[in-house]
Amino acid sequence: MTLQWTAVASFLYVEIGVLLIFCLPFISAQRWQSVFKWSIWSHLSQFWNKGFLTMIIILIVLFLDALREVKKYSTADQSKDTKLLPNMLDHMHMKLFRAQRNLYISGFSLFLWLVMRRVITLINQLATAVNTSAALQTQTDSANKAAKKYMEDNEMLKQAFTEDKGEGGKTADPEENRLLKKEVQRLTEDLKSSADALKKTKSDLDAMKKQTEGLTKEYDRLLQEHQELQNQMESGHKKDN
């Protein structure tokens with residue numbers, strides 16, 4: 001292999017290794033997101049898009065060059081010289097094999113480069129969705145506790161108001177009754193606002209759960225495609241050997 005194809009093959013193996021590390025089940029999306037937030041990546045972020053597009057252009061050029069070589073040696077005519085020199089035919093087959101190998105290497109490198117960027121994006125989105133879901137769950141629990149507290153206070157005030165009205169009769173303090181009514185009204189309004197907030201929080205939580213499920217399905221689909229392509233590449237190498 002020439003120097004350029006050795007570099008491309010090494011780049012392909014690095015891509016496969018990085019994607020396999022991303023697939024490790026015991027490393028959560030939140031942990032990966034914390035890794036992506038390291039200061040070193042913020043310094044490199046301004047060059048990331050340029051480097052990404054540059055690598056795509058390089059891999060496309062190499063892919064087209066390998067495709068040209070495959071067509072060149074696939075359509076080679078068996079002239080009289082090849083009949084006179086049998087080794088020339090073997091040499092042509094060797095050139096064709098190398099061209100096909102380079103085509104596979106550049107093609108898979110280009111594809112996995114795009115897949116790796118998509119996987120990183122999905123991991124960040126999944127981590128954000130999980131964090132938002134946890135925050136919404138905490139908010140929902142707080143709203144439930146507040147609603148229960150208001151309901152208990154409301155029941156206690158109603159009970160006290162009923163007992164006071166039944167025992168005191170005409171001697172009951174009108175000012176105290178008026179304050180109790182205001183307190184009951186305030187607690188009722190607070191309970192209603194808490195119930196509305198709880199309803200909104202539950203709806204937001206359901207939406208985030210649906211988004212998280214969609215991201216998980218997309219992540220699993222990409223992993224399955226990567227595994228299939230890796231199996232195809234291994235089978236292709238076995239056939240070439």
Just how far is it from atom [atom1] of [X] to atom [atom2] of [Y], taken to the nearest 0.5 Å?
X: Arg31; Y: Ile123; atom1: CZ; atom2: CD1; value: 13.0 Å
X: Lys72; Y: Asp65; atom1: NZ; atom2: CG; value: 10.0 Å
X: Ile58; Y: Ser106; atom1: CD1; atom2: OG; value: 12.5 Å
X: Leu103; Y: Leu62; atom1: CG; atom2: CG; value: 11.0 Å
X: Ile60; Y: Met55; atom1: CD1; atom2: CE; value: 12.0 Å
X: Gln139; Y: Gln137; atom1: CD; atom2: CD; value: 10.5 Å

Of all the heavy-atom pairs spanning [X] and [Y], show the shortest one and how long it is.
X: Gln100; Y: Val70; answer: N-CG2, 3.7 Å
X: Leu19; Y: Met116; answer: CD2-CA, 3.9 Å
X: Ala29; Y: Ala127; answer: O-CB, 3.5 Å
X: Glu15; Y: Phe108; answer: OE1-O, 4.2 Å

[X] and [Y]: same hydrophobic cluster, using ILVMFWY side-chain contacts below 4.5 Å?
X: Leu112; Y: Val61; answer: no
X: Leu20; Y: Trp113; answer: yes
X: Ile57; Y: Leu12; answer: no
X: Trp5; Y: Met94; answer: no

Task: Stepwise side-chain contact (heavy atoms from CB on, under 4.5 Å) check, Tyr73 with Arg98 - done: CA-CA 10 Å; Tyr73 294 111; Arg98 290 180 178 177; over 6 Å; no
Open item on the list: Below 30° counts as parallel, above 60° as perpendicular, anything between as tilted: where do the rings of Trp32 and Phe36 land?
Closed with: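 Parallel: the ring planes of Trp32 and Phe36 meet at under 30°.
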Open item on the list: Other residues, nucleotides and ligands only: do more than 12 of their heavy atoms fall within 6.0 Å of CZ on Arg117?
Closed with: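 Enclosed: over 12 neighbouring heavy atoms sit under 6.0 Å from CZ of Arg117.
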Heavy-atom side-chain contact between [X] and [Y] under 4.5 Å:
X: Ile105; Y: Phe11; value: no
X: Glu69; Y: Asn102; value: no
X: Gln125; Y: Leu122; value: yes

- [ ] Would you please name every residue forming a salt bridge (Lys or Arg N to Asp or Glu O under 4.0 Å) with Asp141, sequence neighbours left out?
- [x]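 Partners of Asp141 by the salt bridge (Lys or Arg N to Asp or Glu O under 4.0 Å) criterion come out as none, since no residue qualifies.
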TODO: Give a yes or no answer on whether the side chain of Ser133 reaches the backbone of Ala129 with a donor-acceptor pair at less than 3.5 Å.
DONE: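 Not confirmed, Ser133 side chain does not pair with Ala129 backbone.
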